[in-house]
Amino acid sequence: MQIFPSIICSDILNLQKTLQTLDSVCDGYHIDVMDDHFVPNLTIGPDFVNAITRKTALPSHVHLMVDNPKNWCDRLNLKKIDTLTFHIEAVSSYDELLDLVDKIRNKGWKKGLALNPNTPPPEYPVLQCFDQIIIMSVNPGFSGQKFIPEVVEKIKNLVNIKKRYFSDLQIAVDGGIDKQNMKMLIDLGVDVFCVGSAVFAAQDPRQALEELYNL
Ligand code: DX5
Ligand code: ZN
């Protein structure tokens with residue numbers, strides 16, 4: 001099990017300090033990119049994302065919640081160990097999805113696909129294109145929301161498919177993760193947790209993160 005704290009939920013005027021504090025205790029960073037169109041919120045642009053990924057030797061998972069993920073691909077400058085994730089709802093055809101997958105592959109990055117809470121699991125030919133599937137357990141746009149329990153069935157389903165057919169595929173869950181639901185999700189076989197407020201709303205984010213690892 002890996003934990004990727006959602007860095008945009010941290011004290012953003014002290015990002016460098018946050019990286020220094022957490023680098024030795026986490027697996028990497030989840031970076032939320034929102035364009036105020038695909039979701040009703042705005043976070044950071046490509047230069048800012050590039051600056052964060054350059055500052056840490058750990059892998060970053062860049063989670064694009066944007067309308068035209070293809071445009072973003074050219075502006076990003078990630079490390080080979082980083083993952084670029086786009087939403088299946090942001091592409092309008094299978095061909096567009098494959099083009100984007102090729103683009104990310106050509107950059108040498110890992111490929112991630114995110115699914116909104118109401119989106120069903122993708123077909124196998126789609127799944128096999130990716131290194132990671134992010135199952136959203138809140139409607140994307142804001143941190144601090146409550147975990148949507150209906151998503152658990154989809155998580156079980158995708159973990160089963162992964163175990164049978166795609167053993168290298170990472171199953172990640174993003175949204176409303178806390179001490180209460182994380183143990184159950186670990187038992188289900190979730191590989192990666194993207195965690196915002198359960199770490200950064202705590203008085204001591206490093207300690208909060210360590211407590212989640214101890215689960
Ligand atoms: C939601 C984002 C999440 C969010 C997680 O749109 O994709 O990554 O920052 O924050 P919490 O853990 O507070 O739900
Ligand atoms: Zn996210």
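FYI, the numbering just counts along the sequence from 1.
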Whether [X] side chain and [Y] backbone form a donor-acceptor pair below 3.5 Å:
| X | Y | result |
| --- | --- | --- |
| K154 | P117 | yes |
| D82 | L78 | no |
| D204 | Q207 | yes |
| D11 | T18 | no |
| Q132 | I171 | no |
| E96 | S92 | yes |

Open item on the list: Regarding Y94 and D99, do their side chains bring together a donor and an acceptor under 3.5 Å, going by distance alone?
Closed with: no
TODO: Examine the side chains of D23 and Y29 and answer whether a donor and an acceptor come within less than 3.5 Å of each other.
DONE: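 Present: a donor and an acceptor within the cut-off.
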Task: Test log, rule side chain to side chain contact (heavy atoms under 4.5 Å, CB included), inputs D178 and N181 - done: CA-CA 6 Å; D178 59 24; N181 54 37; 3.3 Å; yes
Task: Lys/Arg N to Asp/Glu carboxylate O, K162 vs D168, below 4.0 Å - done: no
Task: Mutual orientation of the aromatic rings belonging to H87 and H63 [parallel < 30°, tilted 30-60°, perpendicular > 60°] - done: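 Plane angle under 30°, so parallel.
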Do you reckon [X] sits in the same ILVMFWY cluster as [Y], going by side-chain contacts under 4.5 Å, direct or chained?
| X | Y | value |
| --- | --- | --- |
| F130 | I81 | no |
| M65 | F142 | no |
| V49 | L15 | yes |
| M136 | M182 | no |
| I135 | V192 | no |

TODO: Not counting sequence neighbours, which residues clear side-chain contact (heavy atoms from CB on, under 4.5 Å) with P149? List them please.
DONE: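 Here no residue qualifies.
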If you define the side chain from C-beta out and look only at heavy atoms, does anything of [X] sit under 4.5 Å from [Y]?
| X | Y | value |
| --- | --- | --- |
| N160 | R164 | no |
| I134 | L115 | no |
| V25 | E210 | yes |
| I155 | E153 | no |
| I52 | N50 | no |
| I31 | F48 | no |
| F86 | L97 | yes |
| V190 | F193 | yes |

Distance from [X] atom [atom1] to [Y] atom [atom2], nearest 0.5 Å?
| X | Y | atom1 | atom2 | result |
| --- | --- | --- | --- | --- |
| L19 | Q16 | CG | CD | 7.5 Å |
| L113 | T83 | CG | OG1 | 12.5 Å |
| D174 | S143 | CG | OG | 10.0 Å |
| N118 | N139 | CG | CG | 6.5 Å |
| T85 | H30 | OG1 | NE2 | 8.0 Å |
| K70 | N68 | NZ | CG | 10.0 Å |

Nearest heavy atoms of [X] and [Y], plus distance in Å:
| X | Y | value |
| --- | --- | --- |
| P121 | N157 | CG-ND2, 4.0 Å |
| M184 | V152 | CE-CG2, 4.1 Å |
| K107 | K80 | O-NZ, 3.1 Å |
| G141 | M34 | O-SD, 3.2 Å |
| F147 | G175 | CD1-O, 3.6 Å |
| G176 | V138 | N-CG1, 3.8 Å |

Open item on the list: Please identify which of these residues, V62, L76, V33, meets the side chain to side chain contact (heavy atoms under 4.5 Å, CB included) condition with P46.
Closed with: L76
TODO: Starting from the C-alpha separation in whole Å, work towards a yes-or-no answer on side chain to side chain contact (heavy atoms under 4.5 Å, CB included) for I104 and C73.
DONE: CA-CA 7 Å; I104 303 173; C73 209; 3.9 Å; yes
TODO: Could you tell me whether K79 atom NZ has more than 12 heavy atoms of other residues or ligands within 6.0 Å of it?
DONE: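 Enclosed.
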Open item on the list: With a 6.0 Å cut-off (strictly less than), is the heavy-atom count around CD1 of I12, excluding the residue itself, greater than 12?
Closed with: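 Counting neighbours around CD1 of I12, 12 or fewer heavy atoms of other residues, nucleotides or ligands fall under 6.0 Å, so no.
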Task: side chain to side chain contact (heavy atoms under 4.5 Å, CB included) evaluation trace for T43 with D35 - done: CA-CA 7 Å; T43 57; D35 67 350; over 6 Å; no
Open item on the list: For a salt bridge (charged side-chain N to carboxylate O under 4.0 Å, His left out) check, start with the C-alpha distance between D74 and K103, then their side-chain angles and the critical distance, and finish with the verdict.
Closed with: CA-CA 9 Å; D74 296 322; K103 227 174 182 345; 2.9 Å; yes
Open item on the list: Holding to ring-ring contact (aromatic ring centres under 6.0 Å, His included), I want the full list of residues that pass it with F200, two or more places apart in sequence or in another chain.
Closed with: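 Per chain and number, F200 pairs via ring-ring contact (aromatic ring centres under 6.0 Å, His included) with no residue.
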Give every donor-acceptor pair under 3.5 Å between a side-chain atom in residues 1-10 and any protein atom, sequence neighbours left out.
residue	atom	partner	partner atom	Å
S6	OG	D32	OD2	2.9
S10	OG	I7	O	2.6

Task: Chi angles and distances behind the side chain to side chain contact (heavy atoms under 4.5 Å, CB included) call for S24, R206 - done: CA-CA 10 Å; S24 57; R206 187 183 159 106; 3.1 Å; yes
